[in-house]
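Protein chains get the first letters and strands the later ones, always in sequence-line order, with residue 1 at the start of each. Given the structure is predicted, the values throughout are model-derived calculations rather than measurements.
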Amino acid sequence: MADLNMTPLCQEHQRMKALMAPFGGWQMPIQYAGIIAEHKWCREQAALFDICHMGEFLFRGDTQGSGLEEVFTFSVNSIPVGRSRYGFLLNEHGGIIDDLIVFRLADDRVMIVVNAATIANDYAVIKGRLRGGGLENISTTTGKLDLQGPLSREVLVKAFGPAIGQLPYFKFSNMTILGVEAIVSRTGYTGELGYEIFLPAAKVLELWQLLLADERVKPAGLGARDVLRLEVGYSLYGSDIDETTTPLEAGLGAFVNFDKEFIGKAALLKQRQEGVSRLKVAFRANSRRSPRHHYEICCEGASVGSVTSGVFSPMLGCGVGMGYVKPHLGVLGAPLTIRHENVSMEATVVELPFYRGGSLRV
Amino acid sequence: METYYSKEHEWVKIKEGVASVGITEYAAHQLGDITFVDLPKLGKVVKQFDLLAGIESVKAASDIYAPLSGKVVKVNEALNDTPEIVNEAAEDAGWLAWLEVADPLEVKNLMTRSQYDAYVKGLA
């Protein structure tokens, strides 16, 4: 196995007896107290996640003249300073190279936040599409901690003052934290009220310890994060979406702006006209059994697709999952059977999110 | 009443021809939060090391094998709604099933506690 990357908190996780495992080329904490306990804490209090593995690029220049405006499926030009937008980097076939968020730092400055496993490729692709401006990979020097949960706002207000309390969803603030420049963004991957904090990697341990000193905050690993994101129907890059799937097949057309140019647009327009040959659907198992990645999806005895993500949902008390099926099965209430070796479970196509009780927009 | 252990981390306790069966604390800890137990049907007849039950955690789905040959005469129905009992008390209240033992001599294919502890130590 190739050498794993370490976040600045790796030793701290080991000291805290976290169960560590490789994820996207990084040695990451999977759990501390236990996945379900951490999940519950995030839904009820505030959970702190080490997300330093994710990548950040800094673009400087003219967002229009440089060609940046045509790199993603959404418009960068129209993002107001202080706001961020989610969307895709596509290949010319409409396949998803990555899903990412662009933060408009200034008229001529944006930060692009990408998945960990795709950092090198994304950087090469974006750089190759730019005609001007400068693109810098600041991933190693940038740390990122996510504080997520209904109490996260109170925790941050107590730690850093009332300004954070005013942030609406998908807005961020440049602030001085622990004596350094930081970005606090009201975004996340859990379906709860929450914040993503970007700051110099050298300060991450200090922020981690400061936030954990608040008794309302407990650490959570990638295990809980996966349950949390799936309960609210967020896609995981590499599992639910990848270069072989398009945003239309993934049911994520809302993050594609057809009123502007972008690489992959022609392929998506064609697919929109002709119809997709498969569609990502969400389903709920009729028991506590978990659908899992690569399990087969069947309908009336025939194989119709495979599971891309699945888990036991503590909030719903049953298994939930997502996967690609023939488009005619993408209707609410369609009955599916999920199979793998000697495991078989009945499931029903449902609407996302599975869990609607989160504090995301409070 | 002696308890025996399998390499697949099942335990079995025999009393008057009936054996209670479960997974070890080590196995429960390795699985993490247990979310579902697929209990065997009453009356199911199994050979030693045949598939007996299934167990799922947030992390993985695992097969449970019969540590002895026999017939399933009772299952722990409490696990249908509260499978987390296995995490809390794997070698006690988290038992999975009772088997009517077909051949008590089969314990020769299993380990004693001290043998099992040494076996687990070797896995680390």
Side-chain angles (χ1 to χ4, degrees), chain A residues 17-23 28-42 220-231 285-296 307 309-321 338-347, chain B residues 8-10 21 23-41 44-66 72 75-90 93-94 96-97 120 123-124:
Chain A
K17 303 268 191 289
L19 175 71
M20 308 288 287
F23 175 84
M28 296 300 293
I30 302 303
Q31 65 175 61
Y32 305 83
I35 292 173
I36 289 183
E38 291 162 29
H39 161 279
K40 187 172 150 70
W41 196 261
C42 183
L222 294 189
R225 186 170 158 93
D226 192 53
V227 179
L228 290 157
R229 69 91 191 168
L230 190 49
E231 281 189 328
N286 300 353
S287 79
R288 294 176 62 100
R289 281 213 119 116
S290 300
R292 288 173 203 270
H293 193 59
H294 293 318
Y295 281 17
E296 190 178 20
V307 175
S309 276
V311 78
F312 171 77
S313 161
M315 299 312 285
L316 276 69
C318 65
V320 297
I338 313 295
R339 283 202 191 127
H340 178 72
E341 294 173 355
N342 51 17
V343 169
S344 173
M345 73 199 87
E346 301 306 311
Chain B
E8 301 286 345
H9 308 283
E10 292 96 9
V21 173
I23 66 166
T24 64
E25 282 173 14
Y26 171 83
H29 183 73
Q30 291 295 312
L31 285 167
D33 293 314
I34 290 164
T35 53
F36 177 76
V37 180
D38 188 17
L39 294 167
K41 288 210 165 54
K44 177 179 175 142
V45 176
V46 287
K47 287 226 158 57
Q48 189 177 32
F49 306 134
D50 274 0
L51 185 66
L52 175 69
I55 203 156
E56 296 193 3
S57 71
V58 181
K59 281 185 264 175
S62 306
D63 292 333
I64 308 300
Y65 302 95
V72 177
V75 295
N76 189 353
E77 284 173 15
L79 302 183
N80 286 327
D81 293 325
T82 47
E84 58 271 24
I85 295 172
V86 180
N87 288 115
E88 290 154 14
L96 305 179
V120 165
L123 297 176

S.K.: Given a strict heavy-atom distance threshold of 4.5 Å, which part of Asn87(B) is in contact with chain A: side chain, backbone, both, or neither?
M.R.: neither

S.K.: What's the separation between atom OG in Ser287(A) and atom CZ in Phe36(B), rounded to the nearest 0.5 Å?
M.R.: 5.0 Å

S.K.: Quick check for you: to the nearest 0.5 Å, what is the distance between Asp63(B) atom CG and Glu341(A) atom CD?
M.R.: 7.5 Å

S.K.: In terms of heavy-atom proximity below 4.5 Å to chain B, should Gln31(A) be classed as side chain, backbone, both, or neither?
M.R.: side chain

S.K.: How many angstroms lie between NZ in Lys59(B) and CG in Asp226(A), if you round to the nearest 0.5 Å?
M.R.: 13.0 Å

S.K.: May I have the step-by-step check of side chain to side chain contact (heavy atoms under 4.5 Å, CB included) for Thr35(B) and Ile36(A), ending in yes or no?
M.R.: CA-CA 10 Å; Thr35(B) 53; Ile36(A) 289 183; 3.9 Å; yes

S.K.: Tell me, side chain or backbone of Asn342(A) under 4.5 Å from chain B's heavy atoms, or both, or neither?
M.R.: side chain

S.K.: Within the side chain of Arg292(A), is there an N or O that forms a donor-acceptor pair under 3.5 Å with the backbone of Ala60(B)?
M.R.: yes

S.K.: Taking salt bridge (Lys or Arg N to Asp or Glu O under 4.0 Å) as the definition, give me every residue that meets it alongside Arg288(A), ordered by chain and number, with sequence neighbours left out.
M.R.: none

